[in-house]
Amino acid sequence: MTENRSLQSIRGTRDLLPGETEAWDVVEGIIREVMGIYQYREIRTPLFEDTQLFTRGIGEHTDIVNKEMYTFEDQGGRSLTLRPEGTASVVRSWLQHRLGAQGTVNKLYYLGPMFRQEAPQKGRARQFHQFGAEVIGTDAPEADAEIILLVLAVLDALGLETWALHIGSLGCRECRPGYRDILVEFLAGVESLLCEECKERMKTNPLRILDCKNEGCRLATAKAPSHLDHLDEGCQIHFNAVQALLSDRGIPFTVDPRLVRGLDYYERTTFEVLSPDLGAQDAICGGGRYDGLAQMIGGSDRVPGVGFAAGIERIMLALEAAGVELDFEPICDVALVHIGEAARQRLFALCDILRRAGVACTIELFDRSVKAQMREANRREALLALIVGENELKDGMVTVKNLVDGEEEQVSFEDVVSVVLEKLEKMDDEAVDEEPQDWSEEDDGSEPEPGEAA
RNA sequence: GAGAGAGUAGCUCAGUCGGUUAGAGCACCAGGUUGUGGCCCUGGGGGCCGGGGGUUCAAUUCCCCUCUCUCUCCCCA
């Protein structure tokens, strides 16, 4: 068995290449900026955890735990799992480090890879990336509303304007069993119409039957009693309050009586943000309240918490579908162009001096023609070219060419750094004058009328 | 996990009803312009036709397996 096939990234994972990483940097930067404005602080938890954190937190009977986790044994025989989501880890960390010891409310956010062994397709990978935020320590409906407003603020800052917000309530520990009984009673009457999987769910998690996409199940459960009609007083008041807070901010939303999330730790508020541009995998964000989670993973008390998680790949796809441009090329200020070996050496040193002065420089490492070096400079949209050949070496000069207007001048080696800095500053000012930044948010109303063609 | 489609140059794709040197556009390199970018012209380098096996005188083409991607179901971010 000497198979020697070329190795590649494994199914469901991919490389982010130059050209993509820049866009990711932009997106991640915007996420962090908005998190800062909302006063959420970053938490970074390990990529793998004790398997029990997820089986107990997410739930034994969920798809994630049942068939999607990357679970392995370490050398000590402990069962470890690559995190399939972020919330359980954040709450675990919150408990472990007693972040709530002072009775304060903690606002935390995270950003990073998650792992689920699913069939890869558009908008779904085995290693994918989420950012999310959690408010731990309060059951105030303002926390629920803020979490939703926060993710919408991120989407807005990214330029993603088309989305649909669905919200629902699952009730709490107190009222859920009552509803569950009512639902099971109803479902028993239509059980013969349900798919096999749902018949199984009757025993394990009947609430999720309402979320089944199977045609037969949908019809059979069309008239099922809604959880929203069986909330207890506290849950009803809470849900009303969340809705009122969103309405006050003019946020459009749809109350979805059948919104059931795939993780067992949710109580009360649940929500999803959907993108109409994505097709089958249209959920770009999901979240809700999880007041029982801390106890499920070993905390001594119930700890109120609410949060969301959003898929970065899906947001990227939605941005692309919406035509939002994120691409940008790295800036190159100066291209160093040599003619001959001696000049090349001289420029190599100058290049590093300029770089240490903060000037982005490119220098030829092969021995290509001047024409090729200039073409490279043009490709990188360098502002200046510094050209040195035998003539310049003889006179101790550098030819400084402005690549925007084509003007050239000779500068001594001693002065070249300060001259370059001066010219770049001047060119930068001119560029700003020509293209005012758009953070003014002012719409001058001069948009061309649609349908107006020449 | 189940079903469908696709893999040919760095990229986007033609093509071979099985047959001799497998093509285009873009990109790249060089020359036209003795040391100067963008436009133009000319030329050039690049391909185990995804991998393995089978049928055949002959396979990139047909068959099987496998890997990967895309889409759907399911589930989720």
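Within every chain, numbering begins at 1; the chains are lettered A, B, ... in the order of the sequence lines, protein sequences first and strands thereafter.
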Item checked: M374(A) CE - U33(B) C1' separation (whole Å) -> 14 Å
Check: In dot-bracket form, how is RNA chain B paired, counting a Watson-Crick or G-U wobble pair only if both its distances are under 3.5 Å and using | for bases paired to another strand?
Finding: (((((((..((((.....[...)))).(((((.......))))).....(((((..]....))))))))))))....
Margin query: Nearest whole Å is fine: how far is G1(B) P from R124(A) CZ?
Written below: 13 Å
Notebook entry, point to check: Rounded to whole angstroms, how far apart are CD on Q121(A) and P on A77(B)?
Noted result: 15 Å
Next item on the list: For K122(A) and C73(B), give me the distance from atom NZ to atom C1', rounded to whole Å.
Entry: 19 Å
Notebook entry, point to check: Can you tell me if the side-chain N/O atoms of S369(A) get under 4.0 Å from OP1 or OP2 in A30(B)?
Noted result: yes
Check: Using a heavy-atom distance cut-off of less than 4.0 Å, which residues of residues 379-387 of chain A contact RNA chain B?
Finding: R379(A), I387(A)
Notebook entry, point to check: How are the rings of Y265(A) and Y290(A) set relative to one another: parallel (under 30°), tilted (30 to 60°) or perpendicular (over 60°)?
Noted result: perpendicular
Checklist line | Side-chain N,O (Q373(A)) to OP1/OP2 (G37(B)) below 4.0 Å | finding: no
Next item on the list: Can you check each nucleotide of nucleotides 40-45 of chain B against protein heavy atoms at under 4.0 Å and return B for base, S for sugar-phosphate only, - for none, in 5' to 3' order?
Entry: ------
Item checked: Side-chain donor-acceptor pair present, Q410(A), T399(A), cut-off under 3.5 Å -> yes
Next item on the list: Mind calculating the distance between NZ (K67(A)) and C1' (A2(B)) to the nearest angstrom?
Entry: 11 Å
